[in-house]
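Single-structure report; data block below.
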Amino acid sequence: MDFLDQLNDTQRAAVTCTEGPSLIVAGAGSGKTRVLTYRIAYLLSQGVPAGNILALTFTNKAAREMKERIMRLVPANDARYLWMGTFHSICAKLLRRDADKLGFTRDFTIYDTADSKSLLKAVCKERGLDDKVYKPAAVLGRISMAKNNLISPAEYGKNNELLRQDREARMYDIVAVYELYQARLKAANAMDFDDLLLNMLKLMNEHQDVLEQLQQMFRYVLVDEYQDTNYVQYLLVSRLAEPQQNICVVGDDAQSIYSFRGADIRNILNFRRQYPNARLFKLERNYRSTQNIVNAANSLIHKNIHQIEKTVFSEKEEGCPLSLHAYMDDRAEANGVAEQIRSLSPSRPSREKAQISYDDIAVLYRTNAQSRAFEGELRKRNIPYRIYGGTSFYQRKEIKDTLGYFRLAVNPRDNEALLRIIGFPGRGIGDTTMKKVAANAIEHHRSYLEVMRYPAETGLDVNSATMKKLLGFTELMAQLHQLSEETDAYTFAEQTLHITGVQSALAMDVTAEGIDRAQNVQELLNAIREFVAQRQEEGIDYTPITDFLGEVSLQTDQDDNLTDTTERVTLMTVHAAKGLEFPIVFIAGMEENLFPSQFCVKPSEIEEERRLLYVAITRAMERCYLSYARQRFRNGQMAFNSPSRFLNDIDRRYMEIVRTATPIQPERPRWSNQTWGERMYAAPTPEWRHEEKTPAATSATAKAISGATNNISSAIWKEGERVSHRVFGEGVVVRVYRDEVTDNDKIEVNFDQSGTKTLLLTYAKLERI
DNA sequence: GTAAGTCGTGTTTTT
DNA sequence: CACGACTTAC
């Protein structure tokens, strides 16, 4: 195969060793995707039919890109029937074929997070639980965690550790909620994200014939980003690969950043124990970044205890060291970054920088909320940018409403969809009526739509005017249901917008946002048309709306904008940047309580954040700029945080400190007797932590506390000590980090107006990192 | 039953 | 700040 010449020895070995289990440990930038694509191309070129290869990726984008790259290596036809996609989308596809075996129809709905939370809220309410304690997001988190670990409601109820954690959060009834939630999903002919995996496993476990058929079909199983798989995914893969053992997993333990959604790093760490005859390939040469960047990233990640031994190295030029900028506040940071982008930019070609395009530049941050400041500053300078993440196209209200109609038409039991659309466009059916409908539906084990359609059967008690409205709505839905079965996706969508009055309701709104919304819906229509057209190209003549819905619910990247060829700066979270590379990378917000996130306490969580920064740095090919702000506007309040502890972890040989262009304002001498260079982040990683909330303060005093930062700050920079504080609700949270402590340590918090409060510190010892 | 306005609260990362 | 829950006025 001539394309094998493009690989180094290790890569080639990993590509051509196709039989039996393989573990490919691929350091950042070591050509992981390349090995995976070439391995698949190699299999195809050896005559393995595409339909016998299953390749599981982590994102839709990764799957799409990999497929494109494979098609460039082998005749496109050979690759067409590859099973390539995310775990979720592959499972959804397989589940539709055999949905009836699990008591679902093939048109089952996939509930997204919003649907799940809404359903959970209803379930909690039904059981008379306080939604202040049983917060939908938290409850969903617990249930999701259980599902990812294959813990059924019954097993949950016997698991003392889980129950103890729930008690701590005052949630004594999670088991019942979990059970009821699953029942409601089933009744609605719906699955949530976790169910897609769980039910797939169930299908394989309960139906030997299905399992055998799949095992026979998937003679080669490949898994990308294996370090980010969870227990259920591990079981799925293991099961499928059982008879032939042609399983190839690729990953990098140093880049495991998804434990919050159940990813279990042990999957990759224990792979060789699971398959004692597994071949191990270590890709350690980084082809992406300069030596300085690789070395800086290595120095950081070596601070973590748990990792597979490996030495990532670069043989590219030494390159520039990382640079660290300090800014006054978040706006100054955005301003500074935007200025640097401008000075690098193609519109101001200077000698050696002439080759840089906006496409080469990325700004990475920990949380989506940070994007705003950058957006503003970039727009001010007319620098084109593209934001990934945040509320994606498919999460917008008008799109979700429209899709709600499609969903309910296809699956009349989809109660969450019904709740969404019943109020838009307004048709005189409100809360009161819906409460009654919901109550009757639960009592008589019917769907909402059924109750509305046959009110007499459940004894629905509404007046005749409402009854008429209900019948009007159910007739509309019946009409749509029929339409969905008789026409193709595009015709159906167009007609639906019309019949339901969604289109005219949107057209009536002539505000700027209203026009935007109407346009978005139009775009959705275009997307459907394209979807149908694409399927036609693939030889599928008839595409019902079901097929579109099936794809769309798992489509979270909104980056299909292939028509847009404008060069743009990329703005995204570090998580979203995984797997990508850019010549120039800015990493913003390097502060305690932000990066690492304020929610991290346990050492293992800090390690994950450190890996996250490792991922961020290793995205950079040539230049990497880090920055932090001393104060930052967050949640409507100013927050003051010390520079991230991770800045200490990066070997100073590979990072230089650059003075910020923004002068420190003299009228606010917050750090007047400090230079913010050396000592600013010289505080060692703390071993002790104290946290205390001060008593209530009005918003006026909250301001006063902000003003008092001077006093707190001046105490901070004693050797080995760090303090951060945050205005929180009615008080202020003061966090103190120290290396050495005594029994009667005190700290003074100065309130400008109301005097000084002295806090006696009682330390909680942090576990050693 | 709806629309507009007030109050309070809680904040990560994504399939 | 931004969103959802709740209140008040139509």
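Proteins get letters first, then strands, A, B, ... in listed order; numbering begins at 1 in each. As a basis for the values below, the full set of heavy atoms in this structure was taken, side chains included, without hydrogen atoms, waters or symmetry mates.
Legend: residues meeting side chain to side chain contact (heavy atoms under 4.5 Å, CB included) with A:S371, ordered by chain and number and at least two apart, are A:Y365, A:E375, A:I387. Under the salt bridge (charged side-chain N to carboxylate O under 4.0 Å, His left out) criterion, A:R266 pairs with A:D264, not counting sequence neighbours. The salt bridge (charged side-chain N to carboxylate O under 4.0 Å, His left out) check on A:R407 picks up A:D115, A:D414, with sequence neighbours excluded. Among residues two or more places apart in sequence or in another chain, the salt bridge (charged side-chain N to carboxylate O under 4.0 Å, His left out) test is passed with A:R611 by A:E608. Every residue was checked against the salt bridge (charged side-chain N to carboxylate O under 4.0 Å, His left out) condition with A:D194, not counting sequence neighbours, and none meets it.
Residue-to-nucleotide proximity on DNA chain B shows that, of A:F87 and A:S597, the 5′-proximal contact is made by A:S597.
Across B:dT11, B:dT14, B:dT12, the shortest atom-to-atom separation from the side chain of A:K135 is found for B:dT11. For A:F599, the side-chain atoms get nearest to B:dT11 when compared with the rest of B:dT14, B:dT11, B:dT15. Taking every side-chain heavy atom of A:R372 into account, C:dA2 is the closest of B:dT12, C:dA2, B:dT15. Listed candidates were B:dT14, B:dT12, B:dT15. Nearest to the side chain of A:E609 is B:dT12. In this structure, the nucleotide among B:dT13, C:dC1, B:dG1 sitting nearest to the side chain of A:T367 is B:dT13. For A:F193, taking side-chain heavy atoms from C-beta onward, the closest of the listed nucleotides B:dT12, B:dT15, B:dT13 is B:dT15.
Here A:T432 reaches the OP1 or OP2 of B:dG1: one of its side-chain N or O atoms lies under 4.0 Å away.
Taking a centre distance below 5.5 Å and an interplanar angle below 30 degrees as the stacking criterion, A:Y258 does not stack against the six-membered base ring of B:dT13.
Between the side chain of A:R366 and the base of B:dT13, a donor-acceptor pair under 3.5 Å is found.
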Contacts under 3.5 Å, N or O only, protein and nucleotides 2-7 of chain B:
from: B:dT2; atom 1: OP1; to: A:G428; atom 2: N; distance (Å): 3.2

